[in-house]
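The next block holds one structure in the form of structure tokens; read it before the comments.
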Amino acid sequence: MSENIVVVGSTNADMIIQLKKIPKPGETVVGGKFSSAAGGKGANQAVAAARAGSAVTFISRIGNDMFGDTSLKGFVNDGINVSNIIRDSVEASGVAFIFVDENGENSIAVASGANAKMSSNDILNKKDVVVGADILLMQLEIPLEAIETAAQIAFDSTVNIILNPAPAQYLSDELLQKISIITPNETEAKILTGVVINNEADAEKASQILLDKGVKAVIITLGAKGAYVYSSTYKGLVPSCKVKAIDTTAAGDVFNGALAVALSKGKELKDAVIFANAAAALSVTKLGAQPSAPYKEEIYKMLESETENQITENL
Ligand code: RIB
């Protein structure tokens, strides 16, 4: 296992309530079921990549508390290199409160804690780690200055960068020009481009706007429909595997982690998206963020059964 994925991002402890429906402002909904799980978009992507089969180094900031200890233990169990995780002696670990409804849809509120303290200096101190990456994978749950510094270092060293722009916010053209692949979902694509995505033509339009800003390739994740890809090697929808969703939390994170693994192993973009779609589909069949990230054997099994289904459907 020589390929090395470096993930820069957040770590959270997720407090989950499964309910019939997600409460609206001012509303109380009873009858929920509580559980907790390891989460955070950065951590979820690091765990997803490690389980999907690559060596992973994670750069993150966690509190010096019980939640930080639990997250760290989980990363070690998954074989992730944790020597660049910073323990913040002042701020608490990040915490997310997640409501999941009966259709598996969610609503998330995050108290960022130590994640919000990740700085440009933190990244400059880890410059060698970023330079040594095959792929740098990032999200937007830590301050933009840290993302921009990591992107600059990676770009200067010709390290490919995958940016999952979640949660979405305005991004400068200067940053976008350094990104090899951007992976928004429909909501994030709308915030970044102004295009409401109802069909493939809309996805193409949104992708074109991002490509015009200098991103090299665009993948818009479309939930159960799959992912729309616009790159120099492939343009079109890559359909997802059909599953019954229990909890869609972290499906995007698992997609990104698995995508990075497939690309680091030299797969073409379309094949990498097929692999990532299978991983994401598996993740929605289980509750919780990191507990739902599949292992590579499960992903291959899913891909095999999909191929068999397609052959049967075509007969
Ligand atoms: O993408 C899902 C993640 O978003 C959760 O694990 C939660 O921690 C929030 O960061």
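Only heavy atoms go into these numbers, but all of them, side chains included; no hydrogens, no water, no symmetry mates. Every number for a ligand or one of its atoms is a count from 1 in the order of the listing. Positions are given from 1, in the same order as the sequence printed here.
The ligand atoms of ligand 1 that sit less than 4.0 angstrom from a heavy atom of A289 are 6 (O). Heavy-atom contacts of A96 reach the following atoms of ligand 1: 7 (C), 8 (O) (cutoff under 4.0 Å). The distance from ligand 1 to the heavy atoms of E141 drops below 4.0 Å at these ligand atoms: 4 (O), 9 (C), 10 (O).
Counting heavy atoms of neighbouring residues, nucleotides and ligands inside a 6.0 Å radius, atom CZ of F97 does not exceed 12 of them.
Note on R61 versus D122: salt bridge recorded, some NZ/NE/NH1/NH2 to OD/OE distance being below 4.0 Å.
Applying the side chain to side chain donor-acceptor pair (under 3.5 Å) test to every pair with at least one member in residues 23-35, sequence neighbours left out, gives these pairs: K21-E27.
Residues satisfying the side chain to side chain contact (heavy atoms under 4.5 Å, CB included) criterion with T149, sequence neighbours excluded, are S120, I123, L124, I153.
In this structure, K265 contributes its side chain and G53 its backbone to a donor-acceptor pair below 3.5 Å.
For ligand 1, the polar-atom distance check against G39 finds no nitrogen or oxygen pair separated by under 3.5 Å. In terms of polar-atom proximity, defined here as any N/O pair under 3.5 Å, T249 makes no such contact with ligand 1.
Counting only heavy atoms from C-beta outward, the side chains of V7 and I59 never approach each other to under 4.5 Å.
Taking every heavy atom of both residues into account, V8 and L136 meet most closely at CG2-CD1, 3.7 Å.
Taking a 4.0 Å cut-off on heavy atoms, S10 fails to register as neighbouring ligand 1.
Protein heavy atom closest to atom 5 (C) of ligand 1, with residue, atom name and distance, is D14 OD2, 3.3 Å. Atom 4 (O) of ligand 1 has K41 NZ, 3.1 Å as its closest protein atom, hydrogens excluded (heavy atom only). The single protein non-hydrogen atom nearest to atom 2 (C) of ligand 1 is D253 OD2, 3.3 Å, given as residue, atom name and distance.
By heavy-atom distance, the residue among N44, V110, I98 lying nearest atom 3 (C) of ligand 1 is N44.
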